[in-house]
Amino acid sequence: MRILMVSPYPPGRDGLAQYAVQEVKRLRAQGHDVEVLSPGPSAAHHHLDLVGVRGALALARRVGAYDRVIVQYHPTIFFGDRSTPAERTRVYAALAVAFRISGNVEMRIHEFPHAGAETRAESLAARQMWTAVDRITVHTPRERGEFTAAFGIGVDRVQIADHGEHFEKRTNLDRSAARERLGLPVDGFLFLSIGFLQPHKGFDRSVRAFAGLGDHGCRLEIVGSLRVEDAEYIAYVDELRAAVAATPGANLREQYVSDSEFDVWIVAADALVLPYRLIWSSGVCERAALYHRPVIASRVGGLADQVVGDALLVNDDRELAVAMRSVAGLASDVRISGNWPEGDRDAIMAEIRARAARRSTVGARVSVGSPRGSATRSAATAPLRRLRPLAMPESRSARPGASSMKRAIRRLTAWQIDPIIGQVNRLQQATMEAMSEPKAPGESGSAAPPR
Amino acid sequence: MERKGRLGFVPARYGEGVVGGAEAVLREMAHGLAQRGWEVDVLTTCARDHFTWANEFDPGVEEIADSVTLRRFPTVISTDRAERAAFNAAINAGSPLRMTEQERWMNDDLRLPELFHYLLDASDSYRALVFAPYLFWPAFACGQVAPDRTILMPCLHDEPEAHLDIFHPLFSGSRGLWFLSDPERDLAESIHPRLADFEVIGSGLDVPERYDPEGFRARHGIEGPFVMYAGRREGGKNWDGMLDAFARAVVNADLPLSMVTMGHGAVDAPPEIADRVIDLGYVSESERNDAYAAASAYIQPSAFESFSRTMMEAWLAGTLVIAAGTSAVNRWHAERSGAGLVYDDDDEFEECLRFVAEAPEAAAAIAAPGREYVLEHYTWPPVLDAVERTIDRWMPWS
């Protein structure tokens, strides 16, 4: 069968490209004649700017030459960054034409916010396009539910495909050899958070939850690189560096790792920590499963449906900390297990503050085993820590049309509101960090005097 | 050592008229291993020129000398490469590029989709895949298809592109790295935070059975002393800079030296020495070797060397080498062998030329240990032994 795969493609290193090339390899091994079309120059046989109506119509001119078309779908491939509902309506319509010409189109839906359509015309055009697609796959039931609800598509039209069905191992090393390759100590429990360094990956949460585990011989390795270099992401990495520097046993390796080295890291680890704030399905989870490495992940997006076997799902930072201790065999750790330390009131208060700190945004700065002064500083920041980070309210509503209206207002005002939210949260963080800084001897302040 | 399994060598270019050190090393290594009984494929482009990457050879499969299977794949250039030119300017100016920009820089050049997919389909049938040099798309993109079977021979120079983050996965994720010299290894360690397993294997040369310097002079009508340059005549090799410095030196010092050059690229000699620069274009290896033997000195002006085969070729012929000290590799060889002069500016270059012109016997005496240096370190048998040892260690036969 002559197949056209439409997708980002290596040597680009995004997840979609990696997913696509593994499926291409499998299809070619089955004897199919597979060609690849990517949005820009790559190892693909063809490349084409697919954005907008022109891109969709150019695609329409090509698809007729193939028996089957598989689209690794992400809206950024077809829509501009700031497309309007009217533009999207036209693109949906043009894509519907392209897919009808093909007559055999499969869409692999990868994570994206299933916002649905904003206008009735866009909604109709989108439904027209999805109707022209013969098979639609997502990776998790939750994605299917949200996707079908967003576009008014029957659930029975959307199949669930195992995210890792095309994945293959890229290393044959065992744990010891992997650690030796990476220059890591052979002994000691190793947690790993790996992937691009982005706020929604939540690796800062790994650091906070890890606080205190370094004293038990555990290590946390955070491995990844900054892919999107805008101010918010750069600031995030700066904060991550600071948190790691203040947390014994934690390391941040800002590395652009190869595919095989990515797997070597997984093999070297005893457990992966993936406290995503936002994700639909995770390729890292699948790769961890290939090597039977346990995963601790947050219960967001479709992860609850995706992770299998040795997976622990957590709802918040406290559960994350408990899970990490449990996986590391430290479940009886008195500071976590519910067994309170023996001692006077001060000891109990210190423990209370330490536990609270682990749940807070600056918990990493105040480790459980820190001197008493730290706990006192922790108390001083408590009112700030209890404030949840400022975020925009959900733009969802049960009232008909209200969700669309809210989303439209959100888009219109985001350029003014988002910087303010970011600044407020950074101020909160900075204030807490400043209050948590150790005082110099003799410096006046609220820190308790040394005993 | 079990010589089992197929080896794939992936130079960016291969064949008659291809000029380049990395390509020459891979070619001789591939054929040397084939002669030792290995099954060897050469997987390469249809290009001869590394600027145009035009498809000058036919694509397809053929069996060539030593039962080596040659598979050629067409290069694809589908853009005007304007974006790459703009990024090149930024790289050379030291401006940082984002990762996505580095990817666009890499992809806005020649590409080899058919080779990429051939390896996607068939990489499992190779015991090892050897890529060189690191800088071009074939090694960068195809070298990451089957990293556990990949050996990268980077041929790394201290050029601005070498410092791009985009290359980290290639240097850290390949199964192994072959370096040609200690300074190349040192450079790689200074750039990349963690290297894959590596070995300094050096490079081998075929030792000519005889030289015919007088025959060379007679065939080309060359009289009087001359210095020589062989290889790629381009900015990256500092050809133009050396030629300008040569012009100033021979005019200022009134030196009776000519320049004989062979290889690829425009010569563009300054007018005042145009009649002293003799361009022989592309010549056979034996003719080139005779030229080395006839020359008073060989000039190596490049700052971007990972090994410098031409220095070894000159020393084998008993000829003095005058090398730019901007390359750590040049300096390392010259100091280690004791058979080369190193210059760090135009004045020193002029003095080197003056020495050659005024004291040819002393120059020859300095050059004398060079041949033994090459024979001791850089002939093929010990290099191929090291190659086989590393293959056995990194990709044991099962």
Side-chain angles (χ1 to χ4, degrees), chain A residues 8-14 17-18 21-31 33-38 40-48 168-173 177 180-184 196 223 225-230 233-234 253-265, chain B residues 76-79 81 83-84 96-124 137-150 164-175 192-197 395 398:
Chain A
Y9 208 56
R13 296 184 60 78
D14 64 89
Q18 295 306 312
V21 73
Q22 291 174 87
E23 184 168 7
V24 168
K25 182 174 183 178
R26 183 182 62 85
L27 290 169
R28 289 171 68 98
Q30 291 171 353
D33 177 9
V34 185
E35 293 183 10
V36 184
L37 169 68
S38 63
S42 70
H45 305 82
H46 317 280
H47 65 91
L48 196 60
E168 293 178 354
K169 289 184 178 181
R170 298 178 184 130
T171 180
N172 295 318
L173 298 180
E180 187 180 348
R181 170 85 64 87
L182 296 168
L184 299 171
F196 287 118
V223 182
S225 60
L226 188 64
R227 182 169 177 83
V228 181
E229 297 191 28
D230 67 19
Y233 284 38
I234 290 170
R253 297 176 189 257
E254 294 181 54
Q255 295 172 0
Y256 184 56
V257 297
S258 68
D259 296 338
S260 61
E261 199 176 15
F262 195 95
D263 283 14
V264 172
W265 272 107
Chain B
V76 174
I77 296 179
S78 56
T79 67
R81 295 196 278 180
E83 188 171 47
R84 182 175 175 87
L97 295 187
R98 297 175 179 183
M99 189 56 70
T100 49
E101 292 172 330
Q102 294 179 36
E103 288 178 350
R104 281 158 51 199
W105 168 79
M106 175 57 72
N107 282 319
D108 194 26
D109 198 25
L110 90 143
R111 294 175 293 111
L112 285 165
E114 289 193 22
L115 174 58
F116 180 89
H117 286 93
Y118 171 79
L119 291 173
L120 201 62
D121 298 339
S123 60
D124 289 352
W137 199 95
F140 174 76
C142 300
Q144 296 184 65
V145 171
D148 266 7
R149 296 171 193 271
T150 291
L164 295 176
D165 293 340
I166 195 173
F167 291 114
H168 283 328
L170 202 54
F171 281 80
S172 62
S174 297
R175 182 61 193 90
H192 298 284
R194 190 178 54 261
L195 291 175
D197 290 343
M395 293 100 163
S398 58

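Per chain, numbering begins at 1; letters A, B, ... match sequence-line order. Note that this is a predicted model, so its numbers are computed, not measured. Side chains included, hydrogens not; waters and symmetry mates left out as well; all remaining heavy atoms used.
- Note on B/Val76, B/Thr100, B/Asn107: by heavy-atom pairs under 4.5 Å with chain A, the leading option is B/Asn107.
- With a 4.5 Å cut-off on side-chain heavy atoms, A/Trp265 and A/Gln255 count as touching.
- Side chain of A/Glu261 to main chain of B/Gly173: no donor-acceptor pair is present (N/O by atom type, distance under 3.5 Å, no hydrogens or angles).
- Heavy atoms closer than 4.5 Å to chain B are found in the backbone of A/Ala44, but not in its side chain.
- Residues passing the salt bridge (charged side-chain N to carboxylate O under 4.0 Å, His left out) test with B/Asp109, sequence neighbours excluded: B/Arg81, B/Arg84.
- The choice from B/His117, B/Met99, B/Arg111, B/Gln144 that makes the most heavy-atom pairs within less than 4.5 Å of chain A is B/His117.
- Chosen from A/Leu226, A/Leu182, A/Asn172, A/Val264, the residue pairing most often with chain B at heavy-atom distances under 4.5 Å is A/Leu182.
- Contact annotation for A/His47: only side-chain heavy atoms (C-beta onward) come within less than 4.5 Å of a heavy atom of chain B.
- Neither the backbone nor the side chain of A/Phe262 comes within less than 4.5 Å of any heavy atom of chain B.
- Remark: B/Arg98 pairs with no residue by the salt bridge (charged side-chain N to carboxylate O under 4.0 Å, His left out) rule, at least two apart or across chains.
- Using a 4.5 Å cut-off between heavy atoms, B/Arg104 does not touch chain A at all.
- With respect to the salt-bridge test (charged N to carboxylate O, under 4.0 angstrom), the residues A/Arg170 and B/Asp148 do not qualify.
- Neither the backbone nor the side chain of A/Val34 comes within contact range of chain B, judged by heavy atoms closer than 4.5 Å.
- Taking the six-membered ring where the residue is Trp, B/His192 and B/Phe171 present parallel rings, their angle staying beneath 30° rather than reaching 60°.
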